[in-house]
Amino acid sequence: MIVTIDGPAGAGKSTVARQLARRLGFRFLDTGAMYRAVACGALRAGVDLQDAATLVHLAETLRVEFQPESIMVSGEDVTDFIRSSDVTAAVHFAADQPAVRQHLVKLQRQLAADADVVSEGRDQGTVAFPDAECKLYLSASPRERARRRMLEMERRGEPVNLDDLQQQLCDRDQRDATRQVGRLHKAADAIEVNTDGLTSDQVVDRLEEIVRSRQSGARTRA
Ligand code: DC
């Protein structure tokens, strides 16, 4: 079974998608981390982020390993670095490139082949897995999303200003919603869950309930 979770930055997707996958015993695909890994590789190699051909080459040749609690890029542990503000500021160069997206979507489909997965990102229910059995879309108000991101960054020792963060999130929303390929939008058949005021456990409970009812619906129909 494929479960997709899409939504804007800071809606709490990564945390709950990871927990949901664990509860269901499914593989977890953090697709944002793939775009971040390409940006990280480009920053480390000091290449021109505007050079599409170089970015595509990097995407095709980088060795990205997803381990349960860490991400390795070409043998180096980049778990913290890919979430840093440097990578966050650079990641759109990778995400805006149609050929990079095409390659990463292919990889996502390979990773999901013959497996039960929870796949989280922006275009999972619309582009990568349009036939997914269960599509979820997480939303939250800009303030709540900025607050969550701030806590996350403070935990990593990166102090930030809430208003600045909210502005950056709105800029990313705009970019995510207007990119030529793979833009963020809710699939017509996705179920939207607004996470304002909910703890991550409460969100996971709600998502698990939706997935389990889909699973039992599928069993009844079979
Ligand atoms: O979810 P995140 O913040 O880790 O995502 C990093 C960037 O990658 C973000 O700018 C949106 C982009 N992205 C995307 O375009 N498509 C995806 N499936 C996942 C992320």
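Whatever order the structure lists ligands and atoms in, that order sets their numbers, starting from 1.
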Within reach of ligand 1, part of Asp176 (heavy-atom separation under 4.0 Å): side chain
Among Thr31, Val127, Val105, the residue with a heavy atom nearest to atom 19 (C) of ligand 1 is Thr31
Looking only at protein heavy atoms, identify the closest one to atom 20 (C) of ligand 1 and say how far it is in Å. Gly32 CA, 3.5 Å
Which one of Arg36, Lys13, Gln108 has a non-hydrogen atom at the shortest distance from atom 2 (P) of ligand 1? Arg36
Quick one: does Glu65's side chain have a donor or acceptor within less than 3.5 Å of a partner on Met72's backbone? no
If you take all heavy atoms of Glu144 and Ala140, which pair is closest and at what distance? CG-CB, 4.4 Å
Residue from Arg172, Arg183, Arg175, Arg101 passing salt bridge (charged side-chain N to carboxylate O under 4.0 Å, His left out) with Asp96: Arg175
One finds that the ligand 1 atoms under 4.0 Å from a non-hydrogen atom of Gln124 are 18 (N)
Tell me, which protein residue and heavy-atom name are nearest atom 9 (C) of ligand 1, and how many Å apart are they? Arg172 NH2, 3.4 Å
Suppose we measure from atom 8 (O) of ligand 1 to each protein heavy atom; which comes out shortest, and what is that distance? Tyr35 CB, 3.7 Å
So, does Arg27 use its side chain to make a donor-acceptor pair with the main chain of Val117 at under 3.5 Å? no
Return yes when Arg179 approaches ligand 1 closer than 4.0 angstrom through a heavy atom, no otherwise. yes
Test item: Arg148 side-chain N/O and Ala11 main-chain N/O as donor-acceptor pair under 3.5 Å: yes
Using a strict 4.0 Å cut-off to heavy atoms of Ala95, name the atoms of ligand 1 that fall inside it. 12 (C), 15 (O)
re atom 16 (N) of ligand 1, the protein heavy-atom contact at minimum distance is Arg101 NH2, 3.0 Å
Return the closest protein heavy atom for atom 1 (O) of ligand 1 as residue, atom name and distance. Arg122 NH1, 2.9 Å
Would you say the side-chain atoms of Thr31 pair up with the backbone N or O of Glu120, donor to acceptor, closer than 3.5 Å? yes
Expected output: side-chain Thr195 to main-chain Leu198 donor-acceptor under 3.5 Å: no
Out of curiosity, is Arg83 lining ligand 1, as in a heavy atom under 4.0 Å away? yes
Counting only N and O atoms by type, is there a donor-acceptor contact under 3.5 Å from the side chain of Lys13 to the main-chain atoms of Gly7? yes
With Lys135 as reference, evaluate Asp123, Asp189, Asp6 under the salt bridge (charged side-chain N to carboxylate O under 4.0 Å, His left out) test and give the passing residue. Asp189
Top protein contact for atom 18 (N) of ligand 1, by heavy-atom distance: Asp123 OD1, 2.8 Å
